[in-house]
Each structure stands twice: as C-alpha cells, then as structure tokens.
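No experiment lies behind these values; they were computed from the predicted model shown. Every chain is numbered from 1 and lettered A, B, ... according to where its sequence line falls, protein lines coming before strand lines.
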There are 2 protein chains.
Amino acid sequence: MKDPIEIRHLRCFLALANTLHFTRAAANLGIAQSALSLQLQRLERAIGYPLVQRTTRGVTLTPAGSLLASRAAGTLRKVEDDLEHVRRIGSGQEGILTVGFSGSVMLTQLPLAIESFRASYPGVELRLRELTTARQLVALRDGALDLAFLRDGDPSPGITLTTLHSERYLAILPERHPLATRRKLRPADLRGESFVLYSRTEGALAFDRTADCLGAPLRIVQEAPQWPTVVRLVGAGIGVSIAPACVAELAMPGVVFRPLQSDARTTVDLAVPAGAINPLVTNFRLKARAHFLARPALPTVRPV
Amino acid sequence: MKDPIEIRHLRCFLALANTLHFTRAAANLGIAQSALSLQLQRLERAIGYPLVQRTTRGVTLTPAGSLLASRAAGTLRKVEDDLEHVRRIGSGQEGILTVGFSGSVMLTQLPLAIESFRASYPGVELRLRELTTARQLVALRDGALDLAFLRDGDPSPGITLTTLHSERYLAILPERHPLATRRKLRPADLRGESFVLYSRTEGALAFDRTADCLGAPLRIVQEAPQWPTVVRLVGAGIGVSIAPACVAELAMPGVVFRPLQSDARTTVDLAVPAGAINPLVTNFRLKARAHFLARPALPTVRPV
DNA sequence: GATCTTTCATCTGTTTATCTTATGAGTTCA
DNA sequence: TGAACTCATAAGATAAACAGATGAAAGATC
C-alpha cells in the first residue's frame, strides 16, 4: 500500500474534473497550476491509469476519471458529513446520556434542570434511571450511568462528587400521632418512636446522617426503598419517619409533615466518574448546577 | 477549510481505535509512536474535540471517537472500493463499449472476435450498432461510437484506420442468368449488365473500388442499403451485383455467387477516433486484430 | 512504600512532500 | 509568423511528517 492516496489528491482531481482546466482549477484551489499538475500526476500514478486526457485546449475525463469524479465527490461529502456528526457528538449536542437519580431528588429542582437541558440540547437522548445511592455509584463505575444525582452521596474512589443542594429534615407522622399537633418538632421529641427508614445498605451516608440527626439508638421497624412507600407506611401507622424537606411534596392523606429543628442537613450530590470527559456530562452538569444553585421556589412544607 | 483532514489521519486513528494503544498501533502502521501521537493530535485539533482519552495504561475512545472510528472504517473501505473500480475501468475490464460495423463485416471474423472479447472481458457491456461506413465515421467523431468496423473505410481526418482483412469480389447472379452456368467470371463478362449496388453516399471508397473493379460506365438500376436486400433483389431478377466474398454466406434461393477473377480487393478496416485512449477500445482492437489476422476458416463460396 | 515498568507526550534534527516561481513545448488563433 | 493559451517540467523554498531520545505520570511489583 505504498503511494497512498490522500483526500488532497481527490480534492485536486475534483476541482480539475469540474473545470476541465488546470489553470482555472488551480486558481479555485488557491494553488499554482504546476502544483495541481503534479498532484494529478501523482494520483494517476497511484491509480495506475490516466484519469484525464490532456489537450492543448484543456482536458477531458477518461472513463476511469469520469467514475472517479463522481465517487470522489461522494467520498468528500461523506467525510464532511462524518466530521460534522463527530463534532456534534464532541460538543455534546448529540448522543445518549444516562442519568441516575435517587427518588427524592426528583422532588427537588431536578425536573427543571432536565427540562432546561432538553430544551437546550434537543439532539440528546436522555435516559433516566431511578436507583438508590449505593447502586448509582456502582453503575457509574460500570459505565451504566454517565452521571448521577445522589441523596447524601458517600465519597467513593473513582467518583467525583459535587454538592448541589442541602436541605433540612422534616418529620413524617401519622395524622393521629400525639406529636402531630405540634407545628415544629425537635429530634429529641421523636426519641423512643418506631421508625420507617431507608435501608443503610442503599445509602450509608444518608442513613448515618439521619441517625446522627435523631441520635441513637433508633428503633427501626421497617425499611423501605422509596419515599412514597415510606409515607404510606407512616400513614398506615407503622411508625414515624424523617425525610429531606422535599419529601413534603408527597402529601398523602393521613400523614403530616413537621419541620425538624436541627442543624442536620441532607444533601443532593452530583456524581460523575472521575476524569470523565464526556461532553454531554459536562453540559448536563452545567445546567443542573445552574438550576440547583439558583434555588428557585424551594418546595415548602404544605400543611395537610 | 484550513487544517484539512487527510486519509492518513483516518488510517492512524483507526489503527489506534483498533488497538487502543499508541505503541502497538504505531507498530501496526509501521511508524514511530511519536509520529502517531502527533497525527492524533493534529486530527483532534482539526475536529476540535478529543477522540480518545489518554490514560497511563492505554487509551479509551470518547463517544466522538467511537463514532469516527466506525465512520472512518467505512470511508477507507469506500475509497478502496472506488479505486478498485476505477482501476477496472482504467484497465478496460469494465465499462461500456459501443461498436459500429458495416453489415457485411458481420459475415467475416467479427462475430468470433466479439465472442472472444466477451469471454475475456465479461464485465464490459458491448453495444453493437450496424451502420453504413459513412455514418460510422460521423458517429466516431461524435463520440457515439467508440470503435467501428468499416467496409472499405475512407481515410478521414481525426480517424485512425487499420486494415484488418482484404477479400476478393464475387458476382451475384440470378440463378437463371446466362452467366450462372460459368464457374468463374471476369469483370469484363459483366459489362453491360444492370447492377444492384450500394449507394456511393453510404461508402464512397467501397463504391469506387467496386466501380474500379468492374470498369465504368456502370448501369445502376437500384441502390440498396444492406446486403440481404441486394441479394434478394438480384434473386428477383432486377439485376446482377458484385460483393465482397463473405457475402456468399447469405445464400438465398434463386441466387448464385461466382468468384470474380480480378486483383481488386475490398477491405475491412478498423476505425477509432485519433488519439483515443479508452482502454476498452485498445483491448477490443487487440482481440479483433488477432481474429482477423489469424484468418481462421475464411468463409468459402458455397455453390448453390 | 520505594522501585520498576508501562504508556503517552515532548523535543530535536532529518527526511519527505508540497508549493511557488520561472521556464519550456506544443496548439490554436489572428 | 507571432501572440495567446494550454499543460509539463525544473529548481529552490516551505511545511509536514518522521525517527529517536527523553520525560512525566500512574500502575505494578517486590
């Protein structure tokens, strides 16, 4: 495969095939006529057969040259198209982005961030996966997720974390619970209650923060994997719970939410694989940060 | 369009995408690792986005790189296929060849030459056009014909002629004609007869040679454009005719062919546009010359 | 945890390819 | 015949690609 043919040669040949005139073709290409002449000779030598028949009044294409002209035009167009497509992917305007999120994060600004991203990048296919914090970290490392929104993300090797948002806790009580009459609660008020909580294995830091806020020992009567479930279980009288403030969005009959007077905070953390250069990830991160850091219209605890 | 991308860059990138390893890819390409590294940098700069993510253990493709790898592979394959096709056309193994012939030439070795050419070049589409000598010359200049087999081709500017074959004349007589009883005739024997002949405008030299052979003045009672017609007209008693020896192939009831004792010869000439470089023409010429110059099994005058 | 190995980037000088300018040979046109 | 035009060729200048040596960073090995 010596004497390799380059795109330059095809470009030169096409210019010549279009004008059938060395001098004019060279002018179109912005090179000297002699340079074009040499390029053509090189191309013909590489192919092994003449592509144009030179006359004193210009050139005519041979059958082989005629074919090459049409094929080369297609080749150049294809290369241009491919590069354009590659650039679109490189710029993050196109592609597939798989985003994981902890269930409670969907109760924060995340939907707004998603909508904003979709509007800005209509070419990107967004795949959303609700997973627990622990599973998201695994999925990020696997490559199954490109980016994740964690509830209280544990620092983890190979994962870059950014805290987007922090919020207070609130207590979730059955409507008929004695404490339900109080407008505010302190963690100590809940001492001795039975708790419905997330499993620690699904989010160690989230659990530990909850436990720190309440103060051990905790009597956990039920673990549940999703907040709607927790709220329903509380409504059924199985126990009480505490949750990030945003969970108040999940108002359900028979359940009341009460702010918890504590400095404890739960965070929403954005996680990406360390060193990720996927431009989709970068673009999505920017949108998400803009929406979370602006903190528009934080959901308030609606009295039930 | 500065920083143009060349096929070389795509080759380098593909090698890297296949091995995900600069050193090994460079070895496959037969260049130094540093050269490959530079080519990749150049390609990425031209595209504007990274194509691979370098790590200390090798490289991984970015989404953009992943796309480019698949597209570039297709591009290289296309270029190779195109060049191969162009080479086939350049070598005359493929294409369309339009061949003209005077009707009588089809009674000589031409069918054998055609068959031989078809067998050797199955990729070539052969288009056959029966035309008179005069019309063939026009068609050759127009480009409507690539190559022509003329009966007694007139030298003509812009046309290269090669004589392939020369043959004697024979007389065509009605079966009941007084001269039909003779095994051989001399031109003088035909003096005073009425003749059925080709029109001079359809082949000046052919007509003149015929006239020279017979000696003027000729009494021409009918002109006809094709030999089967001439033979039929003779059979109908309209007159006599003389024809190239090969016309004896057209045996018809009521007609006899008699060798003419004369040194006059009629030729089959191969005509091509001067300076033609079409390889199909070259290849066909070679086959045709081989068949005509070998003169296999010249058609003999069959007694009727 | 210090050393070794692997891997890619960078630097430097050399080779190769391409370009420009100038010139030549062959036609066509006046 | 001379002028105008075509493409080819020659020679020097410029830019690109190359090989080889070195360096930095991150695993791997002990």
Side-chain angles (χ1 to χ4, degrees), chain A residues 1-47 50-62 65 141 157-160 273-277, chain B residues 1-47 49-62 65 141 157-158 273-275 277:
Chain A
M1 187 65 59
K2 57 182 175 183
D3 244 345
I5 287 171
E6 295 294 340
I7 289 179
R8 170 198 328 271
H9 301 131
L10 298 184
R11 268 190 234 285
C12 288
F13 175 66
L14 267 186
L16 179 64
N18 286 334
T19 62
L20 295 177
H21 195 286
F22 272 84
T23 309
R24 279 193 282 275
N28 291 347
L29 290 167
I31 63 176
Q33 170 262 319
S34 60
L36 178 59
S37 188
L38 288 173
Q39 289 295 335
L40 251 289
Q41 285 173 38
R42 186 174 298 278
L43 179 61
E44 287 179 322
R45 197 165 43 109
I47 287 181
L51 298 170
V52 297
Q53 187 169 18
R54 281 85 163 164
T55 75
T56 73
R57 297 180 56 74
V59 298
T60 55
L61 292 178
T62 64
R141 265 189 290 266
I159 303 286
T160 301
I277 59 170
Chain B
M1 190 63 57
K2 58 182 176 182
D3 245 346
I5 286 171
E6 294 295 341
I7 288 179
R8 167 172 345 100
H9 301 132
L10 298 183
R11 269 191 234 284
C12 286
F13 174 66
L14 267 185
L16 179 63
N18 287 333
T19 61
L20 294 176
H21 195 286
F22 272 82
T23 310
R24 278 193 284 274
N28 291 348
L29 290 166
I31 64 175
Q33 171 262 320
S34 60
L36 177 58
S37 188
L38 289 173
Q39 289 297 329
L40 251 288
Q41 286 172 37
R42 187 172 170 68
L43 179 60
E44 286 179 321
R45 197 163 46 103
I47 287 182
Y49 302 96
L51 298 171
V52 297
Q53 187 169 16
R54 281 84 163 164
T55 75
T56 162
R57 298 181 55 76
V59 297
T60 55
L61 292 178
T62 63
R141 265 189 290 265
I277 60 171

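OP1 and OP2 of C/dC8 both lie 4.0 Å or more from every side-chain N or O belonging to B/Thr55. Proximity of B/Arg54 to the phosphate of C/dT7: no side-chain N or O atom is located under 4.0 Å from OP1 or OP2. One finds a side-chain N or O of B/His21 lying less than 4.0 angstrom from the OP1 or OP2 phosphate oxygen of C/dC8.
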* Verdict with reasoning, B/Leu38 to B/Gln41, per side-chain contact (heavy atoms from CB on, under 4.5 Å) -> CA-CA 5 Å; B/Leu38 289 173; B/Gln41 286 172 37; 4.2 Å; yes
Could you check B/Arg11 against B/Ile7 for side-chain contact (heavy atoms from CB on, under 4.5 Å), going step by step and ending with a plain yes or no?
CA-CA 6 Å; B/Arg11 269 191 234 284; B/Ile7 288 179; 3.5 Å; yes
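Side-chain contact check for A/Leu51 versus A/Phe13: some heavy-atom pair is nearer than 4.5 Å. Between B/Leu40 and B/Arg54 the shortest side-chain heavy-atom distance falls below 4.5 Å.
Atom pair A/Leu51:CG and D/dC7:C1' shows a separation of 16 Å (rounding to whole Å applied). Atoms CD (A/Gln53) and P (D/dA8) sit 12 Å apart, rounded to a whole Å.
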Its contact letters, B for base, S for sugar-phosphate only and - for none at protein heavy atoms under 4.0 Å, make nucleotides 9-23 of chain D read BB------SSBB---
The contact string for nucleotides 25-30 of chain C, one letter per nucleotide 5' to 3', using protein heavy atoms under 4.0 Å with B, S and - for base, sugar-phosphate only and none, comes out as --SSS-
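Across every non-hydrogen atom of A/Cys12 and A/Ile31, the tightest pair is SG-CD1, 4.4 Å.
Side-chain atoms of A/Arg42 never come within 3.5 Å of backbone atoms of A/Asp3 as a donor-acceptor pair (strictly under, hydrogens ignored). A donor-acceptor contact shorter than 3.5 Å links the side chain of B/Glu6 to the backbone of A/Arg8.
Here CG of B/Leu43 is found 10.0 Å from CG of B/Leu16. Values are rounded to the nearest 0.5 Å.
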